[in-house]
Amino acid sequence: MSINNIMLIGFMGTGKSTIARRLAETLGWTLVDTDQWIEAAEGMSIAQLFKQKGESYFRSAEVAAIHDILQRSKQVIASGGGAVLNAKNREAMLKHALVIGLRADERTIIQRVSRDQSRPLLKDNVRHNVVKLLEERKHAYDFAHVQIDTSRSTIDETVAQILAYGKLSSKHKGRE
Ligand code: S3P
């Protein structure tokens, strides 16, 4: 199977954006972040979008974004943590990308997301909201082609695992 795109899925704080950036750089592929794509299309931040237009509007924009993004190839795509809740998104991902499910334990997730207060679904009580959403979504990421736990791995280790799984090689092969 030739791999057109790599789609990173996973709960908030599992490392999707960080791993996507390093992976895209390593492969020489285009980096795409679905949240940033939506922010550019809508002309406002995700937090503003949730506030002004509501979550269901955001979810429709997310379906449109993922559809449009997946028309292209050679991209490493970091998706928003809730994108997988929509069946259309899951189908499109599986059809057009190698889907990598990133995981992390609850403690690690809480630590990571606490650094960034901009996520609308976590605001007010990060710990409580993470625990609740993790339970609600406990099987939401199971459909990925491969699962990788990032809790105790370095960025390079995770990237190496993904490259090995996809039988992909770095454009910097041989470089120190
Ligand atoms: C969401 C995750 C966020 C963003 C939005 C909703 C979710 O992306 O799309 O706040 O439902 O899990 P990250 O996973 O990049 O934080």
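Counting starts at 1 for both ligands and their atoms, following the listed order.
For the pairing with L168, the side-chain contact (heavy atoms from CB on, under 4.5 Å) check across T26, I6, I162 returns one residue only, I6. The only member of V63, V84, T34 that meets side-chain contact (heavy atoms from CB on, under 4.5 Å) when paired with N89 is V63. Checking each of I19, L27, I148 against V159 for a side-chain contact (heavy atoms from CB on, under 4.5 Å) leaves exactly one that passes, namely I19. R22 pairs in a side-chain hydrogen bond (donor to acceptor under 3.5 Å, both in side chains) with only one of the listed residues (T158, T154, D156), which is D156.
Each of the atoms 1 (C), 7 (C), 11 (O), 12 (O) of ligand 1 lies under 4.0 Å from some heavy atom of G82. The L121 neighbourhood of ligand 1 comprises atoms 7 (C), 11 (O), with distances under 4.0 Å to a heavy atom of that residue.
Ligand 1 has a nitrogen or oxygen under 3.5 angstrom from a nitrogen or oxygen of D35. Checked by distance only, ligand 1 and F58 stay at 3.5 Å or farther apart across all their nitrogen or oxygen atoms.
Annotation: atom 16 (O) of ligand 1 to nearest protein heavy atom, R119 NE, 2.6 Å. Among all non-hydrogen protein atoms, the one lying nearest atom 2 (C) of ligand 1 is G81 N, 3.3 Å. Closest to atom 10 (O) of ligand 1 among all protein heavy atoms lies P120 CD, 3.6 Å. Of the protein's non-hydrogen atoms, the one nearest atom 14 (O) of ligand 1 is K16 NZ, 2.7 Å.
Here the side chain of N4 pairs no donor or acceptor atom with the backbone of A97 at under 3.5 angstrom. Between the Q36 side chain and the D33 main chain, no donor and acceptor come within less than 3.5 Å of each other.
Here F11 has no heavy atoms under 4.0 Å from ligand 1, in either its backbone or its side chain. Of the heavy atoms in M12, both backbone and side-chain atoms come closer than 4.0 Å to ligand 1.
At least one heavy atom of R137 sits under 4.0 Å from some atom of ligand 1.
Looking at K88 and E91, no side-chain N of the basic residue comes within less than 4.0 Å of a carboxylate O on the acidic one, giving no salt bridge. Between D142 and R103 there is a salt bridge, since a side-chain N of the basic residue sits under 4.0 Å from a carboxylate O of the acidic one.
Among K123, R112, R59, E62, the residue whose heavy atom lies nearest to atom 6 (C) of ligand 1 is R59.
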